[in-house]
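I have placed the structure first, in the form of structure tokens, so that the comments after it can refer back to it.
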Amino acid sequence: MRTRQIVLASRPLGMPTADNLRFEEKVIEDLKDGEVLLKSWFISVDPYMRGRMNESKSYAKPYQVDEPFRGSIVARVVESKSKLFSADDLVVGDLPWMTYITTSAENLRKIDPVIAHPGYYLGILGMPGLTAFFGMKDIGKPRAGETVVVSGAAGAVGLVAGQIALLNGCKVTGITGSDEKCKMLKSEFGFNEVINYKTEKNIRKALRAVCTDGVDIYFDNVGGDITMGAIDNLNFHSRIIVCGQISQYNNTRFSMVPDILPRVLTRSILIKGFIVRNYGDRYDEGYAWLTEKVKSSELKYKQTIVKGFDKLPETFLGLFSGINQGKLMVEAE
Ligand code: NAP
């Protein structure tokens, strides 16, 4: 049997292009005991994949040149030589970008499409949802009446982070990159205020205008100038949750921005970076809470699904121009 796969063709310098990825076909081996044959259905594209295209060591292992990209995939079991799964089960796991995959049945999680659309297990009921849950609840610790700002607010993590703060009785401002996304945040997700950072040149002033009591929690998904604007509005004993820095991922040089530290000192600001994997031993708690809130419709979600395995490279690159509302993924078909 043959499968199609997408490999890293070369390492990018700065913004990646489709040429950094390559399609290939290969024969897949027969199943061994304990393995399953999967057909990919929904394939997640995530900002952290950009970091894995670099050679440098980070929290996630670099992709190797000529080896497949990998990440979270929802797949259907076609054939099973494992007691854990049967044909037709739907599973999610960290898997290579292939149309058909043979893999060990270990480390796959069965998913229930009755609870939610299968794509949700790549988003609100997957890694991005857990990220928002632990970042907001464990680091932000939102209290009723506080003012919360979320950057990257209309994305996979941001939508959940903002809604968790709303559920805790906070006033939430979302920052995102289009009027359409701003409208969605307010009308569909109940955000109190929104800022389009692409049309609003002075984020510091714009935040000051809408966050009249200052900012108690800043959930940072993007870094750069947006974050500098947020920091200027932070209150005493406020918290910065450093979740992502997507505006910096394609930079070839990094600044260490020590000039924020006097403000961190004089306003007793807590600034904490985190990786969702830090909470690996508490995933069940996160999944249970998110599943309950999705079932009860207290948390809503949005997905942008691009059809066709061939569209994976351009869809991944679309993360950096903001083509998505909510979780971005490809339906392999
Ligand atoms: P996402 O928000 O669904 O997609 C990325 C979004 O970032 C785009 O839609 C775009 O929206 C925005 N963006 C792109 N370039 C930008 C720029 N230069 N300045 C400002 N915004 C920009 O992605 P996600 O999966 O939810 O991830 C959000 C962030 O969290 C990323 O930084 C990611 O690396 C991080 N993350 C961290 C962890 C962790 O464990 N710490 C886990 C998951 C994700 P606009 O239209 O708003 O520009």
Side-chain angles (χ1 to χ4, degrees), residues 14-16 43-54 58-60 71-72 94 119-120 122-124 126-136 138-140 149-164 173-185 189 191 194-201 203 218-230 240-251 271-280 282-283 286 301-306 315-330:
M15 183 66 82
I43 302 177
S44 182
V45 294
D46 295 88
Y48 77 87
M49 292 170 172
R50 172 63 187 88
R52 297 189 70 180
M53 295 174 86
N54 297 336
S58 181
Y59 63 92
S72 291
D94 180 57
Y120 274 40
L122 303 177
I124 188 166
M127 182 274 282
L130 291 175
T131 303
F133 175 80
F134 290 115
M136 190 55 91
D138 217 67
I139 303 171
V149 172
V150 180
S151 59
V157 175
L159 277 183
V160 186
Q163 288 182 87
I164 292 174
T173 295
I175 305 177
T176 185
S178 78
D179 288 344
E180 205 188 338
K181 292 188 190 185
C182 282
K183 200 171 150 205
M184 171 191 82
L185 288 176
F189 292 92
F191 281 54
V194 284
I195 293 171
N196 177 348
Y197 74 89
K198 287 191 180 158
T199 51
E200 181 54 68
K201 292 295 172 225
I203 300 296
Y218 172 52
F219 194 105
D220 188 14
N221 281 313
V222 305
D225 291 343
I226 294 173
T227 294
M228 293 309 284
I240 306 177
I241 305 153
V242 186
C243 173
Q245 298 282 292
I246 194 167
S247 72
Q248 311 298 301
Y249 293 171
N250 295 308
N251 289 357
I271 173 164
K272 179 150 171 55
F274 79 108
I275 296 301
V276 67
R277 263 199 250 142
N278 299 352
Y279 295 93
R282 289 177 54 196
Y283 279 3
Y301 208 48
K302 192 102 181 169
Q303 312 185 100
T304 300
I305 301 175
V306 178
T315 306
F316 165 61
L317 297 175
L319 283 170
F320 301 100
S321 55
I323 62 167
N324 55 310
Q325 293 189 354
K327 177 68 196 138
L328 184 58
M329 67 191 78
V330 161

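For ligands, and for the atoms within them, numbers begin at 1 and follow the listed sequence.
- For the residue pair Ser151 and Asp220, a side-chain donor N or O sits within less than 3.5 Å of a side-chain acceptor on the partner.
- The protein residues lying under 4.0 angstrom from ligand 1, judged by non-hydrogen atoms, are Pro47, Met127, Thr131, Gly155, Ala156, Val157, Thr176, Gly177, Lys181, Tyr197, Asn221, Val222, Ile226, Cys243, Gly244, Gln245, Ile246, Ser247, Tyr249, Phe274, Ile275, Val276, Leu319, Phe320, Gly322, Asn324, Gly326.
- Under the rule for a salt bridge (Lys or Arg N to Asp or Glu O under 4.0 Å), the partners of Asp94 that lie at least two apart in sequence or sit in another chain are Arg70.
- Aromatic ring orientation, Tyr279 versus Phe274: perpendicular (interplanar angle above 60°, classes split at 30° and 60°).
- With sequence neighbours excluded, the residues forming a ring-ring contact (aromatic ring centres under 6.0 Å, His included) with Phe133 are Trp289, listed by chain and number.
- Remark: Asp179 engages no residue in a salt bridge (Lys or Arg N to Asp or Glu O under 4.0 Å) (not counting sequence neighbours).
- Residues Arg282 and Asp138 approach most closely at NH1-OD1, 3.0 Å, considering heavy atoms.
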